[in-house]
Engineer: 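Starting off with a structure, shown below.
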Amino acid sequence: MKIWLDGGLQDTETARVSVFDHGLTVGDGIFETVKAVDGRPFALTRHLDRLTRSARGLGLPDPDLDEVRRACAAVVEANPMSLGRLRITYTGGHGPLGSDRGAHGTTLVVALGETGRRPDSTAVITVPWTRNERGALTGLKTTSYAENVVALARARERGATEALFGNTVGRLCEGTGSNVFVVLDGEIHTPPVASGCLAGITRALAVEWTGARETDLPLDVLDRADEVFLTSTLRDVQAVHRVDDRELPGAPGPVTAKAMRVFEERSGDDLDP
Ligand SMILES: Cc1ncc(COP(=O)(O)O)c(C=O)c1O
């Protein structure tokens with residue numbers, strides 16, 4: 001396997017970043033996960049736009065998007081596979097042991113991992129921990145993801161693949177690595193970005209392509225929604241058949257099934273929507 005580091009392709013086995021990299025020591029970094037289908041990245045322009053937004057939010061210098069594009073192209077070409085998770089990581093680079101940043105420049109890594117197609121439906125849990133809709137990192141895709149690690153581990157313990165968070169005022173927010181949608185009286189709703197969720201790229205496309213509304217929703221809407229689904233780069237649109245102890249038999253329901261179809265068609269038509 002080859003990855004991109006320090007401006008070129010390197011062997012995964014021997015590529016090294018500093019043990020003092022600020023991404024490692026304090027989580028001072030940002031990332032993107034891009035779906036690569038038969039070596040072609042999907043929605044790369046939107047991912048690169050968000051990478052820049054996350055860098056600015058964190059106070060990192062703008063990433064060199066020409067280099068990131070070259071890196072993505074080189075990495076997918078060097079590692080052929082049918083479905084890949086292309087991971088762009090950009091950190092504050094070699095830095096002091098505390099939270100101050102160093103002046104050695106940033107680190108860019110682009111790596112690719114093979115992945116399988118997700119099942120059409122899955123189980124989720126809710127967790128007692130909150131998303132902070134008013135934090136310094138809200139809405140940024142940073143490498144400070146340990147809260148998601150903890151919540152996802154809890155989900156796995158309960159036989160689920162995703163954990164859903166409410167925010168500090170009890171409103172529905174998002175999952176550890178996905179956005180959430182609910183169907184109420186035949187209409188699709190998803191929490192607004194003001195809930196503290198990431199502005200997911202799949203979420204934005206699903207809103208555009210299905211006419212879903214952005215609605216401030218209580219967390220307990222999950223107890224009564226007719227259908228629930230998730231969106232993310234690697235899930236696309238994925239139905240939910242259980243939320244905690246509540247079964248949603250027959251998932252994907254009709255509205256979700258249609259959203260899945262529309263997403264598949266539209267994303268097949270245009271690789272960089
Ligand atoms: C916290 C969080 N919310 C939502 C998403 C979904 O975003 P996207 O559709 O851009 O993958 C992700 C990304 O994986 C995420 O990490």
Side-chain angles (χ1 to χ4, degrees), residues 27 29-37 41-55 57-58 72 83-90 111-113 115 117-118 122 124-127 129-133 135-155 161-168 171-182 188 190-210 212 214 217 228-238 240 259-260 262-264 266-267 271-273:
I30 58 172
F31 74 103
E32 284 295 324
T33 297
V34 183
K35 180 172 65 167
V37 184
F42 177 69
L44 186 58
T45 302
R46 286 179 187 253
H47 283 286
L48 297 186
D49 287 349
R50 188 170 64 189
L51 189 73
T52 300
R53 284 204 304 280
S54 295
L58 214 58
C72 290
L83 185 59
R85 169 197 286 258
L86 186 60
R87 159 84 188 214
I88 304 165
T89 309
Y90 179 67
L112 185 69
T115 184
R117 177 142 175 89
R118 90 290 181 272
T122 194
V124 305
I125 62 162
T126 55
V127 285
W129 310 299
T130 55
R131 273 287 192 261
N132 180 0
E133 69 282 8
L137 304 184
T138 304
L140 309 179
K141 199 163 167 71
T142 77
T143 58
S144 293
Y145 250 39
E147 286 205 325
N148 292 322
V149 173
V150 171
L152 187 57
R154 169 73 63 94
T161 71
E162 183 58 303
L164 299 179
F165 292 88
N167 65 15
T168 69
R171 314 306 286 181
L172 181 63
C173 187
E174 65 175 347
T176 67
S178 65
N179 291 105
V180 59
F181 288 67
V182 296
I188 311 176
T190 194
V193 168
S195 70
C197 67
L198 186 75
I201 285 160
T202 322
R203 169 188 180 278
L205 294 171
V207 165
E208 214 175 296
W209 293 341
T210 68
E214 297 181 71
L217 300 158
V228 178
F229 64 84
L230 305 176
T231 62
S232 82
T233 289
L234 294 174
R235 293 179 193 266
D236 295 332
V237 174
Q238 184 182 39
V240 169
M260 291 166 81
V262 168
F263 191 89
E264 197 165 332
R266 296 290 297 264
S267 59
L271 270 178
D272 203 15

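No hydrogens, no waters, no symmetry mates; every other heavy atom, side chains included, goes into these values. Since we're looking at a predicted model, the values are computed, not measured. First listed ligand is number 1; within each ligand, the first listed atom is number 1.
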Engineer: Output yes when the distance from some N or O of ligand 1 to some N or O of Arg203 is under 3.5 Å, and no in every other case.
Structural biologist: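 By distance alone, the answer is no.
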Engineer: Hey, looking at atom 6 (C) of ligand 1, which of Leu140, Asp236, Asn179, Ile201 has the closest heavy atom?
Structural biologist: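 Minimum heavy-atom distance to atom 6 (C) of ligand 1 goes to Asn179.
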Engineer: Centre-to-centre under 6.0 Å for Trp209 and Phe263, is that the case here?
Structural biologist: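 Ring centroids of Trp209 and Phe263 are less than 6.0 Å from each other.
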Engineer: Can a cation-pi geometry be assigned to Arg87 and Phe31, taking NZ or CZ under 6.0 Å from the six-membered ring centre and within 45° of the ring axis?
Structural biologist: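 Yes, cation above the ring, under 6.0 Å and within 45°.
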Engineer: When you compare ligand 1 with Thr233, is there at least one nitrogen or oxygen pair between them that comes in under 3.5 angstrom?
Structural biologist: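 Yes: some nitrogen or oxygen of Thr233 is under 3.5 Å from one in ligand 1.
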Engineer: Closer than 4.0 angstrom: is that true for some heavy atom of Arg46 and an atom of ligand 1?
Structural biologist: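 No.
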Engineer: For ligand 1, does Thr176 get within less than 4.0 Å through its side chain, its backbone, both, or neither, judged by non-hydrogen atoms?
Structural biologist: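 The backbone, only.
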Engineer: Would you call Glu32 and Thr233 a side-chain contact if the rule is heavy atoms closer than 4.5 Å?
Structural biologist: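 When only atoms from C-beta onward are counted, Thr233 and Glu32 do not touch, as no gap falls below 4.5 Å.
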Engineer: Got an N/O contact under 3.5 Å between Gly200 and ligand 1?
Structural biologist: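 No, since none of the N or O atoms of Gly200 sits under 3.5 Å from an N or O of ligand 1.
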Engineer: To the nearest 0.1 Å, how far is atom 3 (N) of ligand 1 from its closest protein heavy atom, and which atom is that?
Structural biologist: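 Sorting protein heavy atoms by distance from atom 3 (N) of ligand 1 puts Glu174 OE1, 2.7 Å first.
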Engineer: Taking the non-hydrogen atoms of Lys141, is any one of them nearer than 4.0 angstrom to ligand 1?
Structural biologist: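 In this structure, Lys141 qualifies as a contact of ligand 1 - some heavy atom is under 4.0 Å.
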Engineer: Select the closest option to atom 5 (C) of ligand 1 among Gly177, Cys197, Ser232, judged by heavy-atom distance.
Structural biologist: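 It is Gly177 that holds the nearest heavy atom.
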Engineer: Please list the nearest protein heavy atom to atom 15 (C) of ligand 1 with its residue and the distance rounded to 0.1 Å.
Structural biologist: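 Its nearest protein heavy-atom neighbour is Tyr145 OH, 3.3 Å.
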Engineer: Decide whether Thr45 and Asp272 meet the rule of one side-chain donor and one side-chain acceptor closer than 3.5 Å.
Structural biologist: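 A pair is found: one side chain offers a donor N or O, the other an acceptor, under 3.5 Å apart.
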Engineer: Is there a heavy atom of Thr33 sitting under 4.0 angstrom from any atom of ligand 1?
Structural biologist: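 Contact check Thr33 vs ligand 1: negative.
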Engineer: Any non-hydrogen side-chain atom of Asp236 less than 4.5 Å from a side-chain atom of Phe229?
Structural biologist: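 No. Closest side-chain heavy atoms not under 4.5 Å.
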Engineer: Contact between Ile88 and Val34 at the side-chain level, heavy atoms closer than 4.5 Å - yes or no?
Structural biologist: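 With C-beta onward as the side chain, the pair touches.
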Engineer: Quick one: closest heavy-atom pair of Ser195 and Pro192, and the distance?
Structural biologist: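 Of all heavy-atom pairs spanning Ser195 and Pro192, the closest is OG-O, 2.7 Å.
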Engineer: Among protein heavy atoms, which lies nearest atom 9 (O) of ligand 1, and at what distance?
Structural biologist: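 Nearest neighbour among protein heavy atoms for atom 9 (O) of ligand 1, to 0.1 Å: Thr202 OG1, 2.6 Å.
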Engineer: Under 3.5 Å between some N or O of ligand 1 and some N or O of Arg131?
Structural biologist: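 The answer is no, given that Arg131 and ligand 1 share no N or O pair closer than 3.5 Å.
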Engineer: Hey, are Arg235 and Thr161 close enough side-chain-wise for a donor-acceptor pair under 3.5 Å?
Structural biologist: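 Distance-only check passes for Thr161 and Arg235.
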Engineer: Please could you name the atoms of ligand 1 that Gly175 approaches to less than 4.0 Å, counting only its heavy atoms?
Structural biologist: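 Taking each heavy atom of Gly175 in turn, ligand 1 has 1 (C) under 4.0 Å.
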Engineer: For Glu162 and Thr122, what are the C-alpha separation, side-chain angles and deciding distance, and is it a side-chain contact (heavy atoms from CB on, under 4.5 Å)?
Structural biologist: CA-CA 8 Å; Glu162 183 58 303; Thr122 194; 5.7 Å; no
